Each structure stands twice: as structure tokens, then as C-alpha cells.
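In this text, all values refer to a predicted model and were calculated from it rather than measured experimentally. Just so you know, these numbers use all the heavy atoms, side chains as well, and skip hydrogens, waters and symmetry mates.
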Amino acid sequence: MYKAPRGTEDILPAEQPYWRFVEAQAEAVCRSYGYQRIETPMFEEAGLFERGVGAASDIVEKEMYTFPDRSGDLMTLRPEGTAPVCRAYLEHGMAQLPQPVRLYYLGPAFRYERPQAGRFRQHHQLGVEALGEADPALDAEVISLAWDLFQRLGLMVGAPRSIGAPLLKLNSIGCSQCRPRYIAELRANYSGHVEQLCTDCRSRLERNPLRLLDCKQPGCQAVAGAVPRSLDHLCHDCRQHFDGLQVYLKALAFPYSVDHRLVRGLDYYTRTVFEVQPVVEGAQSTMAGGGRYDGLVEAVGGKPTPAVGFAAGLERIILNLKRAGVHVPDSGSPVAFMAHLGPAAKERALLLAGELRRRGITVVAAWSDRSLRAQLRQANSVGARYALILGDAELASGSVVVRDMATGEQQTVPQDQVGGRLAL
RNA sequence: GUGAGCGUAGCCCAGCGGUCAAGGCGCCUGGCUGUGGCCCAGGAUAUCGAGGGUUCGAAUCCCUCCGCUCACCCCA
């Protein structure tokens, strides 16, 4: 028996209301900010991600689905959406458009990971990217968009800061000017405490010192508490940017909190980084994460172009909608169920169902030759508002019985008038 | 890649060495030869995850593998 590959899942009809809801809200917020939808391919040349995301990142090192296609070119199932958007921005000369260019996308991303609650090998992201503008007000706009989304989804209703962690976490990790100096200092500081660090952190010290900060091991946390903060080592421009952003966020009255240990796993982030966490804490609690990536466009072959954005995980959002008990609109049930008795009536029923559908009425039927009882039972269980019954008697008189499933009342009406009746 | 827990019908699950593997939901049929929801009666569906071993005998014990879940790493 075949099964969906590990870390993938079928999104069954019962789940669709959640997806429709989230996607509809996402599109609505993006549109309200003037962001336009873009679709990039599900796979790209492997090099795009190696250069864009960073060769030393976990994603590139161990999580990419990379394969040679039939011509031998190395392709990668996209592990994230930002690098492809930058590629498209360059490929289509979007730098010539009025800046910033505001884009969003909705689609799957692939990472080879051990699946877990809220983590999949194929998952779906909403990505929002604004390219070509360095002003911190654009950072604020993007954060504001994310905030509005969660607001609309109903995940922030009464979100009380009293319980647990704040919802919006913010930090600045500097730029290519000031970050190296900070990292050097960080490394120097940690080097004095190697004995207290976990084995992971000992290797992080060499390869990716920033990530030392968010290790959860008690020993490492103790060291991290006393270590220098990136915010204290920003260069003048980065400092100004961060202060500016905070002014705007305060003006917008977002209850964010600065988290000195917030660093992100993708190498392309500069300056602003942020995450949105749900009210209910869980292992994979981050629903959205992003920040500024002023060096990415250049890294994938363009001119230096500042940009900000974020990605939100749809599976995680849905997980949290369920945990929070958010009610989503359900998909409607059929209006009419067509029941037939006898072969001649069956033919006529087929025809009548088609006529009704052309008038925009949702009609379902069982079509197998079952008892009227069985057909009505099915009409009931699919939630049809009306059952239409067509047997020899109706066939003879050109009529059909319309039964209201809620009240049990039924009327015999001419076949050419059913449409009008049901449309009411 | 590491660690832990779990695999019995479409779903939830009882059974934990010895009659035909129990029950609930769902599905089908009938009670009502053309009338649903409730009720009643009946029915179908399980290589008990796979392979090997122990035993007179294994869904039950042991081993291996596979899968699922949760957590770590990391991330949406």
C-alpha cells in the first residue's frame, strides 16, 4: 500500500475550510497593503539557494532536496521563497519599477527534516517581500502587515501579555560593517567558557557564533546571559535604523519586545529580525519569521538592493487556530440531492440535475439504483437542503417532488419550475 | 543525524500466552415494495505493521526491520 511520503500530508476536504480561511485572509491583508502576488517555480537551480541562503546554513547543509535533472543540471526543490523572489526581481528588471516593489506568494516549500508537530518536509508558506527601499518605515510596514494578518485570523483577540512570552519579538543583528566586529567579540567572550558549553555550542563557536545565543541548554544560557549584545555593537547607520523602526512601531502601538537572543538561521538577514509567536506556547511556536536582507539581491547577482520580508507557515497557523479554538467558516453543503426511482427516471434525473447546475444550484446524487430510503438517508447525511424525487409518477406528469429536508414538507412542482423554486 | 513513546477493520480502541480477536463511530441491508434524521434487527470490512525466534500453543514474550508520533538540532 502506498502512503504519502514521510513529512507530507494529504489536505483532506475536512481540513479545507481552514486553508481557505487562512489563504483568503492572507490575500486580503496583502492586497490592503498593495502587495501583488507572484508565483515562482517550485524548483530552482541549486546554486541560487547555496548562494542566497548561505552555504553554511543548516538548510543548505542538510535539508535541501537537490537532484540532477535529465540534462544533468542540479535542481533544488525550493526550501524557502525569498531567494527565488530576488531572482525573479532581477530576471524581470523589477529594479526599474517604482521602489519598493511589494510582492507576496503562497505555496509549498521543501526541507528534508524529521517531521514533528508543526514541521513537515513539504509545508506551505505565505511570503511577503518588499524590495528596493532601506527606510525603517518599510520594516515597520512589513511587521504591521504580519500583525494585521494574525489579528484578522483571530489569533490575537485579547492576546494578553500577562501570560507567557510576548507575541512580537524584535532584534537587530547589524550589517556587514558592524556584525563581524560583534561576532569577534562574542566569540572572544564565549571562548573563556568553553567548558560550560554543550557539544553543539562548541562547534557553533567556530561555525556560527550568533546561534550560540539561542541555545536552550542551561549551561549555555548562563553564559549567554552575560555575553555582549548585538544591539550594543551596531554601527551608526544600523543603530539609526533600529531606533527609527522602534519609533514607528511605538507609533503603531505594537506591543513588541526586544529579544537580544533572537537570531535567525538563514544567513542573509541583516539589521532587523523579528518573529511572531502564538499565545499558546508549543515546540514549533514560531508562526512567522523574517527581517531585512539587504545583501541578498546582490548575493544572487544583482546590484546592492535593500529589502525586508517575512514568511509565515500555514500549517503552523492552522495548528494554532485549532489550539485557540478559532471558528472558521465551513464549506457549504449541497442545496439539492437528486433521488431517482427506475431507469427512465434516472435518465431524466441526470438531465434535470444538469439544468439546475447550469442555474448555479449545487446538486448531488447517489446514482446507484438504491431504495428511495437509502437515497434520502444519503441526502440527509450530506446535508442537502432539498431532496428532489423523480419516479415514474413524476416522469409521467413532467414534475418532480421537492422535499424540504429540514421540515419534511414536500411539494410536487413542474420540472421546468424547480430551478426557480430552489433559487429562492 | 540523536532520543523517547506507539503500531489490532475507514476512524477510536478492548484484549497483554490458550474458545470463531470484543466494543463504539462510520458504512450497507431491512423493519416502512416511493420517503431521511430517532429507534430496532441483521450484515460486510482485520495477512492483529513486516520478517524471524521462543513455546505444545503468540495479537500477547524476545530480536530485527519498517512506519507513525513527540522532542532535540534547526526552522515556517
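When the P atom is compared between rU19(B) and rU29(B), the two are found 36 Å apart, to the nearest whole Å. Of the C1' atoms belonging to rU45(B) and rG23(B), the separation is 15 Å, rounded to the nearest Å. Here, rA46(B) and rU55(B) have their P atoms 32 Å apart, quoted to the whole Å. Rounded to whole Å, the separation between the C1' atoms of rA59(B) and rC16(B) comes to 8 Å. Comparing rU54(B) with rA58(B), their C1' atoms sit 10 Å apart, to the nearest whole Å.
Between the C1' atom of rA76(B) and the CD1 atom of I59(A) lies a distance of 10 Å, rounded to the nearest Å. Taking atom CG on L388(A) and atom P on rG34(B), their separation rounds to 19 Å, with Å as the unit. In this structure, F337(A) places its CZ atom 14 Å from P of rG37(B), rounding to the nearest Å. In this structure, D404(A) places its CG atom 14 Å from C1' of rU35(B), rounding to the nearest Å.
The side-chain heavy atoms of Q122(A) and E9(A), taken from C-beta on, include no pair separated by under 4.5 Å.
Side-chain nitrogen and oxygen atoms of S371(A) include at least one within less than 4.0 Å of the OP1 or OP2 phosphate oxygen of rG30(B). Not one side-chain nitrogen or oxygen of R119(A) sits closer than 4.0 Å to the OP1 or OP2 atom of rC70(B). OP1 or OP2 of rU2(B) has not a single side-chain nitrogen or oxygen of R114(A) nearer than 4.0 Å. One finds a side-chain N or O of Q116(A) lying less than 4.0 angstrom from the OP1 or OP2 phosphate oxygen of rA71(B). R264(A) has a side-chain polar atom (N or O) that falls below the 4.0 Å cut-off from OP1 or OP2 of rA76(B).
Base pairing of rA41(B) is made with rU29(B), judged by Watson-Crick or G-U wobble geometry with both donor-acceptor distances under 3.5 Å. Pairing partner, rA4(B): rU69(B), with both Watson-Crick or wobble hydrogen-bond distances short of 3.5 Å. As the counterpart of rA46(B), no nucleotide is assigned, since no Watson-Crick or G-U wobble pattern has both distances under 3.5 Å. Pair assignment for rC74(B): none, as no Watson-Crick or G-U wobble contacts are both less than 3.5 Å. Here rG57(B) sits opposite no nucleotide as a Watson-Crick or G-U wobble pair (both hydrogen-bonding atom distances under 3.5 Å).
Side chain Q410(A) to base rU35(B): a donor-acceptor pair is found below 3.5 Å. Taking 3.5 Å as the limit, the base of rG30(B) and the side chain of R373(A) contain a donor-acceptor pair of atoms between them. Between the side chain of E394(A) and the base of rG34(B), a donor-acceptor pair under 3.5 Å is found. Between the side chain of N380(A) and the base of rG36(B), at least one donor-acceptor pair of N or O atoms lies under 3.5 Å. Between the side chain of R403(A) and the base of rG36(B) there is at least one donor-acceptor pair of N/O atoms closer than 3.5 Å.
Checked against E275(A) for a salt bridge (charged side-chain N to carboxylate O under 4.0 Å, His left out), the options R264(A), K169(A), R261(A) give a single hit: R264(A). Just one residue in the list E113(A), E315(A), E63(A) forms a salt bridge (charged side-chain N to carboxylate O under 4.0 Å, His left out) with R119(A), and that residue is E113(A).
Closest contact between the side chain of R6(A) and the listed nucleotides rG37(B), rC73(B), rC68(B) involves rC68(B). With distances taken from any side-chain atom of T286(A) to the nucleotides rA71(B), rA76(B), rG37(B), the minimum falls on rA76(B). Distance from the side chain of A117(A) is smallest for rA71(B) among the nucleotides rG36(B), rA71(B), rU35(B). For R204(A), the side-chain atoms get nearest to rC73(B) when compared with the rest of rG34(B), rA76(B), rC73(B).
Note on A379(A): nothing from the nucleic acid sits closer than 4.0 angstrom, heavy atoms only. When heavy atoms are screened at a 4.0 angstrom cut-off, A393(A) is found touching base atoms of the nucleic acid. Residue contacts shown for G408(A) include a base, since a base heavy atom lies under 4.0 Å away. When heavy atoms are screened at a 4.0 angstrom cut-off, F120(A) is found touching base atoms of the nucleic acid. Contacts of L266(A) with the nucleic acid, taken as non-hydrogen atoms under 4.0 Å apart, involve only primed sugar atoms and P, OP1 or OP2. In this structure, A406(A) reaches the bases: a heavy-atom distance under 4.0 Å links it to at least one base atom across the strands shown. Nucleic acid contact for E113(A): base, since at least one base atom lies under 4.0 Å from a heavy atom of the residue.
The stacking criteria are not both satisfied for H124(A) over the base of rA76(B), which would need a centre-to-centre distance under 5.5 angstrom and an angle between ring planes under 30 degrees.
Note: H233(A) and Y182(A) have tilted aromatic rings, judged against thresholds of 30 and 60 degrees for the angle between ring planes.
The residue among E409(A) and E275(A) whose nearest nucleotide of RNA chain B is located toward the 5' end is E409(A). Where G391(A) and K3(A) each meet RNA chain B at their nearest nucleotide, the meeting point lying more 5' is that of G391(A).
Not a single donor-acceptor pair under 3.5 Å links the side chain of R292(A) to the backbone N or O of V273(A).
We find the OH-CG distance between Y89(A) and L131(A) to be 6.0 Å, quoted to the nearest 0.5 Å.
Between D267(A) and R51(A) there is no salt bridge, since no side-chain nitrogen of the basic residue lies less than 4.0 Å from a carboxylate oxygen of the acidic one.
In the displayed structure, Y112(A) atom OH is contacted under 6.0 Å by at most 12 heavy atoms of other residues, nucleotides or ligands.
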